[in-house]
Protein chains: 2
Amino acid sequence: MKRNTWQREAVRQALGDNEGFVSAQSLHSSLRVAGSPIGLATVYRALADLAVEGEADSLQSIDGESLYRACTPGQHHHHLICRNCGLTVEIEADAVERWAKSVAAEHGFTQPNHVVDVFGLCAACSVAADPSRP
Amino acid sequence: MKRNTWQREAVRQALGDNEGFVSAQSLHSSLRVAGSPIGLATVYRALADLAVEGEADSLQSIDGESLYRACTPGQHHHHLICRNCGLTVEIEADAVERWAKSVAAEHGFTQPNHVVDVFGLCAACSVAADPSRP
DNA sequence: AAGCCTAATGAGATTCGTTATCAATAATTC
DNA sequence: GAATTATTGATAACGAATCTCATTAGGCTT
């Protein structure tokens, strides 16, 4: 049976408090800094559970570590992420879902997963990077 | 100044001989099995160089390791990858390209990059994994 | 409230991919 | 051929993530 512990809740809340994607390590250390005695292994477990339950999205950062972010549960979606400030927008992509499924089936592949993320500069960071073109 | 060594050439060739994405580790061990005394660190360095020069594509596998594959430089494409045997099919995705661009613009994002990869089990591995459902 | 069962925790050890170190080697230039 | 110096490679170091297992505590029953 699944149990509710203050640790799970602390991780869920810490995730929700954060705007963009965070690593398990940094989430753990910010919890510790905030005075929580939560253990690192527990943070990893809680994040993995949240990801399975659909309450968190996860992606692999460039250097291979897993990053997590709170998300609206129950809905499969992808992300538009500012590579400067980390601002993240959730995007729906039914067309992409169908495309991924069909392209997999077309080549005889089963159990298709897909990784679809768009990185860019958000409006604010675009202006900051090139003020001449607002 | 950059120097040409047989080790770089061996890595480039081993990559080209391979059908799908390979990890640095497995590439190294197959080179060793083939009789080459090449070192592991050198394989990592050669692969990183090839990726920077555009002669290899790299991606992060589900479990966090970097996988590499030879590719024709200057051409943008995506991949359909068997997560069991590594078999890779290059896929065209003009529709996805346009979708990524438009969704980025729609939210005020500029300079859009995107990560689009589909993982699954290829026909052969699907049968091997579940022979009852060929 | 007390007790039981067992899921969950957490400190530390462990695994494993990748990178850094640094003396030795060898590719290029002169 | 000698000099220069990029490159190599064995090994150490690093870091993210997982595992171990004794301990803790959540939720149920009585």
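In what follows, chains are A, B, ... by sequence order, proteins preceding strands, each numbered from 1. Side chains included, hydrogens not; waters and symmetry mates left out as well; all remaining heavy atoms used.
When rounded to the nearest whole Å, the span between CD of E9(B) and C1' of dA26(C) equals 17 Å. dA6(D) atom P lies 6 Å from atom CZ of R3(B), rounded to whole Å. Distance CE (M1(A)) to P (dA8(C)): 9 Å, rounded to an integer number of Å. Atom pair L31(B):CG and dG9(D):P shows a separation of 11 Å (rounding to whole Å applied).
Between the side chain of S30(A) and the backbone N or O of S26(A) there is at least one donor-acceptor pair closer than 3.5 Å. Checked by atom type and distance alone, the side chain of T42(A) never pairs as donor or acceptor with a backbone atom of I38(A) at under 3.5 Å.
With respect to the salt-bridge test (charged N to carboxylate O, under 4.0 angstrom), the residues R69(B) and E90(B) qualify. Comment: R12(B) does not engage E53(B) in a salt bridge, judged by the lack of any side-chain N to carboxylate O separation of less than 4.0 angstrom.
Ring planes of H78(B) and H114(B): tilted class, angle from 30 to 60°.
One axis for each end of the helix from dA1(C)-dT30(D) to dC30(C)-dG1(D), each built from five base pairs, and the angle between them comes to 30° at 10° resolution.
For N4(A), a side-chain nitrogen or oxygen approaches OP1 or OP2 of dG27(D) to under 4.0 Å.
Among all heavy-atom pairs drawn from L121(B) and C82(B), the shortest one is CA-SG, 4.0 Å.
A search for side-chain hydrogen bond (donor to acceptor under 3.5 Å, both in side chains) contacts involving R32(A) returns H28(A), not counting sequence neighbours.
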request  = Classify every nucleotide of nucleotides 9-19 of chain C by which part a protein heavy atom approaches to under 4.0 Å, writing B for the base, S for the sugar-phosphate alone and - for neither, in 5'-to-3' order.
outcome  = BBB-----SBB
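With contacts defined as side-chain heavy-atom distances shorter than 4.5 Å, the pair D57(A)/Y68(A) does not qualify.
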